[in-house]
Amino acid sequence: MNARAFDSDAPLDERRIIIRRYGGDVEMLELPWGLQPKEPGGRPFTVVRAEDRSFPSHRCLVPASEFRHRSQGKNYSFRLANGDWFYFAGIWRPATRDWPEAYAILTIQANDDIAPHHDRQMAVLRRDERSAWLDMTHPEQEVLRPLPRASFAVSRLRQGRTQAEFAI
């Protein structure tokens with residue numbers, strides 16, 4: 001599988017590969033990001049707060065190599081410090097007459113690495129935690145928790161071209 005960067009400012013209908021249990025099997029498919037809003041004309045839900053909620057069905061994983069987030073006018077990249085790729089914990093919803101089958105990512109309190117940039121973060125699961133989320137083998141509060149300090153390498157993304165690109 002090829003995991004790629006996830007930009008939190010991506011278009012709402014951006015399509016990404018998700019992994020889910022469906023009919024007893026694990027499948028990978030491409031779905032748009034954004035669940036149907038509660039009110040007509042409302043903004044689609046791209047993230048869902050996980051605390052004090054239960055997700056007994058329709059769970060999914062969204063593979064990623066990093067996530068990017070804009071904070072105080074600056075763009076940042078967050079990768080696992082060990083260089084490994086990971087999953088976001090998510091949920092998906094079947095298509096309705098008015099909305100396609102789609103997914104959203106769960107959010108949790110930010111860990112110590114992300115907290116200086118934002119108070120919330122998407123729920124990151126290491127690769128060895130994927131089955132615990134999909135198969136519901138551990139309580140949600142054990143799986144949907146911030147990773148320890150120093151789990152993420154944080155870097156600021158530069159805008160535009162660098163000086164070196166103009167060198168002859």
Side-chain angles (χ1 to χ4, degrees), residues 1-20 28-37 42-51 53 55 59-93 99-130 132-134 140-141 143-168:
M1 178 180 353
N2 191 7
R4 66 182 210 247
F6 192 96
D7 190 339
S8 63
D9 290 330
L12 295 176
D13 60 352
E14 180 179 82
R15 299 180 68 82
R16 292 199 51 114
I17 296 292
I18 69 156
I19 300 163
R20 68 181 182 185
M28 291 174 54
L29 72 156
E30 192 177 76
L31 292 181
W33 186 30
L35 301 179
Q36 184 173 13
R43 182 174 163 80
F45 293 96
T46 57
V47 295
V48 175
R49 190 179 199 102
E51 290 90 352
R53 299 188 72 180
F55 304 94
R59 293 179 177 196
C60 67
L61 298 165
V62 182
S65 59
E66 71 178 286
F67 59 97
R68 296 175 183 162
H69 181 71
R70 187 170 182 80
S71 175
Q72 299 176 11
K74 299 173 185 160
N75 293 315
Y76 293 91
S77 168
F78 303 89
R79 296 177 174 267
L80 286 180
N82 66 5
D84 203 0
W85 49 275
F86 54 88
Y87 300 97
F88 293 118
I91 56 172
W92 63 275
R93 293 290 178 253
W99 204 263
E101 187 173 41
Y103 76 95
I105 295 174
L106 301 181
T107 66
I108 58 175
Q109 179 181 343
N111 90 329
D112 291 339
D113 306 324
I114 297 168
H117 309 284
H118 203 280
D119 63 336
R120 310 257 334 134
Q121 72 170 75
M122 293 182 275
V124 172
L125 304 176
R126 295 180 190 272
R127 293 196 296 163
D128 62 352
E129 298 173 309
R130 66 184 177 259
W133 175 246
L134 280 184
E140 289 167 341
Q141 65 271 16
V143 180
L144 301 175
R145 63 185 177 357
L147 295 178
R149 176 187 297 272
S151 292
F152 293 100
V154 181
S155 59
R156 184 166 167 213
L157 297 173
R158 303 287 176 209
Q159 302 298 332
R161 298 180 180 161
T162 62
Q163 277 306 103
E165 291 177 22
F166 295 110
I168 297 178

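- To the nearest 0.5 angstrom, Gln141 atom CD is 12.5 Å from Ile108 atom CD1.
- Between the side chains of Thr107 and Arg120, at least one donor-acceptor pair of N or O atoms lies under 3.5 Å.
- Atoms CH2 and CD1, from Trp92 and Ile19 in turn, are 14.5 Å apart once rounded to the nearest 0.5 Å.
- Scanning both residues, Ala150 and Ala81, for their nearest heavy atoms gives O-CB, 3.5 Å.
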**side chain to side chain contact (heavy atoms under 4.5 Å, CB included) evaluation trace for Arg68 with Asn75** = CA-CA 7 Å; Arg68 296 175 183 162; Asn75 293 315; over 6 Å; no

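- One N or O on the side chain of Trp133 and one on the backbone of Cys60 form a donor-acceptor pair closer than 3.5 Å.
- Salt bridge annotation for Arg59-Glu140: present, with a cationic side-chain nitrogen under 4.0 angstrom from a carboxylate oxygen.
- Within the 4.5 Å cutoff, the side chain of Arg16 has no heavy atoms near those of the Pro63 side chain.
- Asp84 and Arg127 are joined by a salt bridge, as a carboxylate oxygen and a charged side-chain nitrogen come within less than 4.0 angstrom of each other.
- Of the inter-residue distances, the one linking Glu129 atom CD with Leu61 atom CG reads 10.5 Å to the nearest 0.5 angstrom.
- Within a 6.0 Å sphere centred on CD of Gln36, heavy atoms belonging to other residues, nucleotides or ligands number more than 12.
- Note on ring orientation: taking the six-membered ring where Trp is involved, the planes of Phe78 and Tyr76 are tilted (angle from 30° to 60°).
- Atom CG of residue Leu134 and atom OH of residue Tyr87 lie 8.5 Å apart, to the nearest 0.5 angstrom.
- Of all the heavy atoms in Pro37 and Phe45, the pair that sits closest is CA-CE1, 3.9 Å.
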**Request:** Decide yes or no on side chain to side chain contact (heavy atoms under 4.5 Å, CB included) for Glu66 and Ser77, but give the supporting numbers first.
**Result:** CA-CA 7 Å; Glu66 71 178 286; Ser77 168; 2.4 Å; yes

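- Taken from CZ in Phe86 to CE in Met122, the straight-line distance is 7.5 Å, to the nearest 0.5 Å.
- Taking 4.5 Å as the limit, every side-chain heavy atom of Glu101 sits out of range of all side-chain heavy atoms of Arg93.
- Distance check: Arg53 CZ to Ile91 CD1 gives 6.5 Å after rounding to the nearest 0.5 Å.
- Aromatic pair His118/His69: ring centres closer than 6.0 Å.
- Remark: Gln72 CD is loosely packed, at most 12 non-hydrogen atoms of other residues, nucleotides or ligands lying under 6.0 Å away.
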**Prompt:** Taking it one step at a time, do Phe152 and Asn111 satisfy side chain to side chain contact (heavy atoms under 4.5 Å, CB included)?
**Reply:** CA-CA 9 Å; Phe152 293 100; Asn111 90 329; 3.5 Å; yes

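- Closest heavy-atom contact between Pro100 and Pro32: CG-CG, 4.2 Å.
- Looking only at distances, no side-chain donor or acceptor of Asp113 sits under 3.5 Å from a matching main-chain atom of Arg149.
- No side-chain donor from either of Ser155 and Arg79 sits under 3.5 Å from a side-chain acceptor of the other.
- The two residues Ala102 and Gly34 come nearest to each other via the heavy atoms CB-O, 3.2 Å.
- When every heavy atom of Ala123 is checked against every heavy atom of Leu144, the shortest pair comes out as CB-CD2, 4.0 Å.
- Between Arg126 and Leu80 the shortest side-chain heavy-atom distance falls below 4.5 Å.
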**Derivation and outcome, side chain to side chain contact (heavy atoms under 4.5 Å, CB included), residues Thr46 and Leu35** = CA-CA 6 Å; Thr46 57; Leu35 301 179; over 6 Å; no

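- Between Ile17 and Leu29 the shortest side-chain heavy-atom distance does not fall below 4.5 Å.
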